[in-house]
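Every value quoted in this text rests on a predicted model; they were computed, and no experiment measured them.
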Amino acid sequence: MSDRSAEELDGIIIRELESSDSLEELTELLHRSYKQLADMGLRYVATYQDVKTTQERISQGIAFVAVVDGKLVGTIVFTRPEHTNLPKGKPIAGAGKLNQLGVEPSLQGKGIGKRLFVCAEEYARGQGVKALILDTAEDATHLIKWYERMGYRFEEYVQWEVTNYRSVVLVKYL
């Protein structure tokens with residue numbers, strides 16, 4: 001996040017997850033954030049993951065959070081390149097991964113997700129990451145279009161064992 005540990009915009013603070021932040025609160029935020037997708041019948045891990053899974057995913061990289069009045073309202077996880085690989089396609093040297101993007105449902109559409117993305121991308125660039133990958137359900141066309149507007153392009157399809165849908169893998173070269 002450049003040389004700042006936190007950035008405040010319009011009362012929304014974007015910062016790294018701190019040890020004092022509640023992983024229970026973060027996990028519940030993910031459940032709420034992904035509820036619309038669950039209601040579409042899509043079984044994203046974030047719709048049902050427990051606190052242990054939240055911690056495991058964060059441990060492979062770094063989590064950024066959006067905070068308003070001391071409450072977690074958004075999150076994204078940057079996964080380091082050594083924990084990132086494309087499922088079946090060609091490896092992309094130095095690629096990191098973005099995942100676990102979630103924003104409080106009542107605040108979606110207000111730019112918080114974009115701010116989290118920009119923060120994670122800046123951090124990745126600063127770490128020498130050459131590309132970022134992400135994936136989402138093929139049926140989540142609204143998300144695919146949003147990611148494309150953020151500069152991500154189709155790379156491949158994959159069927160994860162833990163989901164009930166085919167995923168679209170997207171890549172952005174930094």
Side-chain angles (χ1 to χ4, degrees), residues 1-40 42 44-81 83-84 95-127 129 131-137 140-152 167 170-172 174:
M1 235 168 55
S2 303
D3 291 329
R4 299 169 287 189
S5 61
E7 180 178 334
E8 184 170 356
L9 300 167
D10 304 327
I12 300 166
I13 299 170
I14 306 291
R15 61 168 171 77
E16 294 179 19
L17 183 73
E18 298 173 351
S19 61
S20 60
D21 290 321
S22 167
L23 291 183
E24 290 82 6
E25 183 182 344
L26 186 62
T27 302
E28 291 169 7
L29 168 65
L30 287 166
H31 293 169
R32 289 190 305 275
S33 299
Y34 281 72
K35 185 180 182 320
Q36 176 189 7
L37 297 163
D39 291 347
M40 292 171 59
L42 302 171
Y44 284 77
V45 173
T47 64
Y48 64 86
Q49 73 188 44
D50 58 16
V51 173
K52 181 180 176 195
T53 302
T54 302
Q55 175 57 46
E56 287 171 358
R57 291 180 134 193
I58 292 168
S59 73
Q60 295 179 350
I62 185 166
F64 296 96
V65 292
V67 181
V68 174
D69 295 328
K71 182 176 183 207
L72 299 178
V73 298
T75 187
I76 192 168
V77 173
F78 163 72
T79 301
R80 292 185 299 273
H83 297 288
T84 301
K97 183 175 184 180
L98 296 181
N99 56 81
Q100 301 276 278
L101 173 65
V103 174
E104 189 66 51
S106 64
L107 297 174
Q108 290 176 1
K110 299 187 183 305
I112 295 171
K114 183 175 181 177
R115 290 176 184 176
L116 286 162
F117 246 79
V118 168
C119 173
E121 288 175 351
E122 282 182 19
Y123 178 83
R125 274 188 200 92
Q127 299 298 304
V129 171
L132 288 168
I133 66 170
L134 57 84
D135 67 270
T136 194
T141 56
H142 65 292
L143 291 177
I144 294 168
K145 288 176 185 173
W146 189 78
Y147 296 140
E148 288 173 340
R149 285 192 305 271
M150 295 290 293
Y152 290 77
S167 287
L170 300 137
V171 176
K172 180 177 182 177
L174 303 178

Problem set entry | Closest contact, heavy atoms only, Val171 versus Ala131 | CG1-CB, 4.2 Å
For this session: Give a yes or no on whether the backbone of His31 and the side-chain of Thr47 come within a donor-acceptor separation of less than 3.5 Å.
Result: no
Exercise. If you measure from OG1 on Thr79 to CD on Gln100, what distance do you get to the nearest 0.5 Å?
Worked result: 8.5 Å
Problem set entry | Pairwise side-chain contact, Leu101 with Leu134, heavy-atom cut-off 4.5 Å (strictly under) | no
Exercise. Just wondering, are more than 12 heavy atoms of other shown residues or ligands nearer than 6.0 Å to CG in Asp69?
Worked result: no
Exercise. Out of Tyr147, Tyr44, Trp146, Tyr152, which one pairs with Thr136 under the side-chain hydrogen bond (donor to acceptor under 3.5 Å, both in side chains) rule?
Worked result: Tyr44
Exercise. Side chain of Arg80, backbone of Ser59: donor and acceptor closer than 3.5 Å?
Worked result: yes
Seminar exercise, completed: Rounded to the nearest 0.5 angstrom, the CG-CG distance for Leu29 and Leu72 is 6.5 Å
Problem set entry | Intermediate values then yes/no, side-chain contact (heavy atoms from CB on, under 4.5 Å), Arg57 and Val45 | CA-CA 11 Å; Arg57 291 180 134 193; Val45 173; 4.0 Å; yes
For this session: Answer whether the closest heavy-atom distance between the side chains of Tyr48 and Thr53 falls below 4.5 Å.
Result: no
For this session: With rounding to the nearest 0.5 Å, note down the distance linking CE in Met150 to NZ in Lys114.
Result: 6.0 Å
For this session: Taking all heavy atoms of Val103 and all of Gln108, pick out the closest pair and write down the distance.
Result: O-NE2, 2.8 Å
Problem set entry | Nearest heavy atoms of Gly96 and Val129, plus distance in Å | N-CG1, 3.6 Å
Exercise. Is a side-chain donor-acceptor pair under 3.5 Å present for Ser22 with Glu24?
Worked result: yes
For this session: Could you tell me whether the side chain of Asp21 reaches within less than 4.5 Å of the side chain of Val67, counting heavy atoms only?
Result: no
Exercise. So do the side chains of Phe78 and Leu98 get within less than 4.5 Å of each other, counting heavy atoms only?
Worked result: yes
